[in-house]
Amino acid sequence: MAGQIETVMQESRVFAPPEAFMRQATISGMAQYQALCDEAGRDHDGFWSRLAREQVLWHKPFTRGLDDSQAPFYKWFEDGELNVSHNCLDRHLGTPVENKVAIRFEADDGALTEVTYRDLYHQVCRFANGLKALGCRQGDRVIIYMPMSVEGIVAMQACARLGLIHSVVFGGFSAKSLQERIQDAGAAWVICADEQVRGGRHIPLKPAVDEAFTLGGCESVQRVVVYQRTGAAMDMHAGRDITWSQVIDGQPDHCEPQWVGAEHPLFILYTSGSTGKPKGVQHSSAGYILHAMLTMKWTFDIKPEDIFWCTADIGWVTGHTYIAYGPLACGATQIVFEGVPTYPDAGRFWRMIARHKATIFYTAPTAIRALIKACDTVESTHPRHFDLSSLRLLGSVGEPINPEAWMWYYNQVGGARCPIVDTFWQTETGGHMITPLPGATPLVPGSCTLPLPGIAAAIVDEAANDLPNGQGGILVVKKPWPSMIRTIWGDPERFRKSYFPDELKGYYLAGDGAVRNRVTGYFTITGRIDDVLNVSGHRMGTMEIESALVANPLVAEAAVVGRPDDLTGEAIAAFVVLKQARPVGDDARRIANDLRNWVAHEIGPIAKPKDIRFGDNLPKTRSGKIMRRLLRAIARGEAITQDVSTLENPAILDQLKQTL
Ligand code: WTA
C-alpha cells in the first residue's frame with residue numbers, strides 16, 4: 001500500500017478532458033467547477049437550498065435549508081414534503097420519457113427484459129397496492145433480500161412510495177447476518193426471492209430466510225413475500241409466506257404516493273464499522289435524492305441519450321444511489337445485470353457493453369483487475385475483441401484504483417477517449433464526495449482528485465488541525481451536506497461517537513486516511529484508518545470476523561488483520577488459537593478449511609479469511625493486549641522492525657511466521 005501511494009503521489013501523467021466531452025458537459029471546464037465551489041463557499045445553505053429547489057419535486061416546498069440546532073443530528077429542508085418514488089417515476093409521466101426504456105435487464109443466461117418508465121410506474125404501483133393490502137404502514141421496516149432483478153428495484157421503489165423504510169440485505173449474506181438485520185431493524189416485512197441465479201448456478205435465498213426465523217428473534221415479521229425467480233420448490237409457511245404474484249394479483253396500477261417529510265428515513269443500510277455488529281446507516285428522503293440526482297448530472301454527465309450501466313448489486317449503497325434511485329430520477333435508460341463478469345467467460349462485460357451500446361460504465365477496481373488477469377490467460381476475452389465505441393465515460397468505485405489498472409481501463413476499455421471518474425464515497429455519504437468531473441477535471445491515475453462543490457473535504461491531524469498538502473492525515477468533511485447519514489438506526493450515541501468524535505471539533509470523520517498533492521491539491525485515499533477492511537470493494541470489520549471465528553467451538557482466540565492482495569485489494573488474514581493443540585500439516589489444512597466455511601455460514605462467503613495461521617498463542621503485551629501491528633507485519637510477510645520488548649511472549653512471532 002505505502003509503495004502504491006508513493007507511486008500515485010509521483011504520478012506525472014495528466015489527462016485533460018477531451019475537447020468534445022468538455023463542450024457538451026453539464027459542468028464544463030474548471031472555471032465552472034470553481035464558480036460552483038465559490039457559490040457554496042459564500043453561502044453553503046443557500047447553495048444547497050437552490051439546488052434542492054431546482055432538482056427535487058416538492059409536494060410542499062421547504063422554507064428552511066439546514067437545521068443544525070441538534071448537531072451532529074443535522075436536518076435539511078425539514079418542513080418540505082415529497083415522495084422519492086414520485087421523484088423517480090411520476091415526474092416522467094406525460095413527458096417523452098414515459099415511453100423510454102428505464103431498465104434493460106439482462107439475465108444470467110443473457111435473456112433480455114425491457115421495462116419502460118410507464119411499465120415501471122405500473123409495476124411499482126401494483127406492488128405498492130399489494131403491500132398496502134397486506135397491512136404495510138408508513139415507517140414500517142422492510143427487509144429486501146433479493147437478487148439483481150427488475151423486481152428488486154420495484155420492491156425498493158414501492159417501499160419509497162408508501163413511506164416504508166427498506167433495508168436491503170446483499171444476497172451473499174448468510175441466514176445469521178439476515179436474522180441480525182431483521183432483528184436490529186425490527187422489520188415487519190421481508191421481501192425475498194426463491195433463488196438467485198449467478199454464473200449458471202442457482203443459489204437459494206428463501207431457505208436462508210426460513211433459517212433466519214429458526215435462529216429466533218424475528219417475531220416482528222408479519223409476512224414474507226417471495227418473488228419466484230426460478231420457481232424452485234420451497235416450503236411455504238401458512239399465514240406467513242405469500243408469493244409476489246399473489247401480492248400483485250388484482251391490484252390497480254395506480255397508487256397515490258405517500259407524502260413524507262424531507263427527513264423521513266428512506267432506507268437503512270447495514271455496513272461494517274470498527275467495533276461490534278454492523279451498523280444501520282439511516283438516510284433521509286430529500287437530501288439523499290437530491291445528491292443522487294446531482295451526481296448523476298455532475299459526475300456522470302447523464303444525458304437523455306445515455307445508456308448507463310452500474311455493475312454494483314442493489315445490496316450495496318452503490319446499487320441504491322446509482323441503480324435504484326439516481327438513474328430513475330434522471331429519466332435515464334440503464335442496464336441491470338443479474339450475473340457475474342466471468343460467466344460464461346471473462347468477456348461478459350465487454351460483450352454486454354457492445355450489445356447494449358452502453359455509453360457510461362461504472363464498476364469496481366477489483367472487477368477490472370480480475371478481468372485484466374483473465375484476458376492474459378484467455379486472449380479472446382480481451383476488450384479489443386469487442387466493439388466498445390459506444391462508451392463515452394468510465395467510472396470506478398469502492399476502493400483505491402491502482403495506476404496500472406487505471407491505465408488499462410483507460411486505454412483498453414475506454415480507447416484512450418473516455419474520461420475515468422474515480423469516485424470516492426461511502427455508505428454514509430449517500431453519494432459521491434471526491435471525484436473528477438469528466439468535462440472539467442484533468443485526471444491523474446490513482447487520484448480521486450477534488451471534492452464536489454459544497455463538499456468541505458479536508459485533511460487534518462488527530463486534533464482537527466489542518467494539514468498542509470503533501471502531509472497524510474485524517475479525511476474529514478467540515479460542513480454537513482444534504483445526503484449525509486442521519487443516524488445509526490436505534491443507536492444515536494454510536495452515531496455521534498463513530499462519526500463526530502469530540503476531538504474532531506464537529507467534523508465528519510470518514511474513517512479513511514488521505515493525502516493531497518503538493519502542487520495540485522488532488523486527494524489520494526490511503527485506506528481505512530480503523531479496523532475496517534476493504535476486500536474486493538466490500539467493507540468488512542475485523543471484529544465481526546473475529547467474533548464469527550471465536551463462536552466456533554474449536555476456537556479459543558482469534559485475531560484478524562488485512563494484508564495487501566493484487567486482486568482483491570486487501571485480503572483477510574486470521575490468526576487462530578484452538579482449544580486443542582496447535583494443528584500441523586493436513587490437520588491444519590482441514591481445520592482451516594472448516595473454519596473458512598464456518599465464517600461463510602456465520603457472515604457470508606465474502607468474509608472467508610484467505611490465510612489462516614494457527615499458533616499456541618497470539619503476540620500479547622504484558623497487560624494481555626493483542627499486538628495487531630505485529631500480526632499485520634507477519635501477514636504481509638514483512639520483517640518485524642517494531643520494538644517487541646513489551647511482548648509477554650516474543651517466541652510466538654517465529655511460530656506464527658512459520659505456520660501457513
Ligand atoms: C473505500 C462504497 C479509494 C473507502 C461506495 C471508503 C474508496 C469505503 C473509493 C466505503 C475510491 C470507496 N478510492 N477508496 N474511489 N470508494 N472507497 O461504504 O475506504 O461500501 O471508506 O461505500 O470504501 O465503502 P462503502
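Each ligand, and each atom within it, is numbered from 1 in the order the structure gives.
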Undergrad: Output the distance between atom NE2 (His283) and atom CD1 (Ile165), rounded to the nearest 0.5 Å.
TA: 13.0 Å
Undergrad: Taking the six-membered ring for Trp, is the centroid-to-centroid distance between Tyr322 and Phe300 below 6.0 Å?
TA: yes
Undergrad: Please find the pair of heavy atoms, one from Tyr325 and one from Met156, that lie closest to each other, and give the distance.
TA: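 Smallest heavy-atom distance, with atoms named: OH-O, 3.5 Å.
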Undergrad: Do Tyr270 and Thr427 have side-chain atoms, one donor and one acceptor, less than 3.5 Å apart?
TA: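 There is no such pair (donor and acceptor under 3.5 Å, judged by atom type) between the side chains of Tyr270 and Thr427.
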Undergrad: Would you say Asn465 has more than 12 foreign heavy atoms packed within less than 6.0 Å of its CG?
TA: yes
Undergrad: Mind jotting down which protein residues get a heavy-atom contact under 4.0 Å with ligand 1? Chain and number order, please.
TA: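 Within the 4.0 Å shell of ligand 1, which is judged on heavy atoms, sit Val317, Thr318, Val397, Gly398, Glu399, Pro400, Asp422, Thr423, Phe424, Trp425, Gln426, Thr427, Asp512, Ile525, Arg528, Asn534, Arg539.
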Undergrad: Would you please name every residue forming a side-chain hydrogen bond (donor to acceptor under 3.5 Å, both in side chains) with Asn402, sequence neighbours left out?
TA: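 Asn402: side-chain hydrogen bond (donor to acceptor under 3.5 Å, both in side chains) contacts with Arg369.
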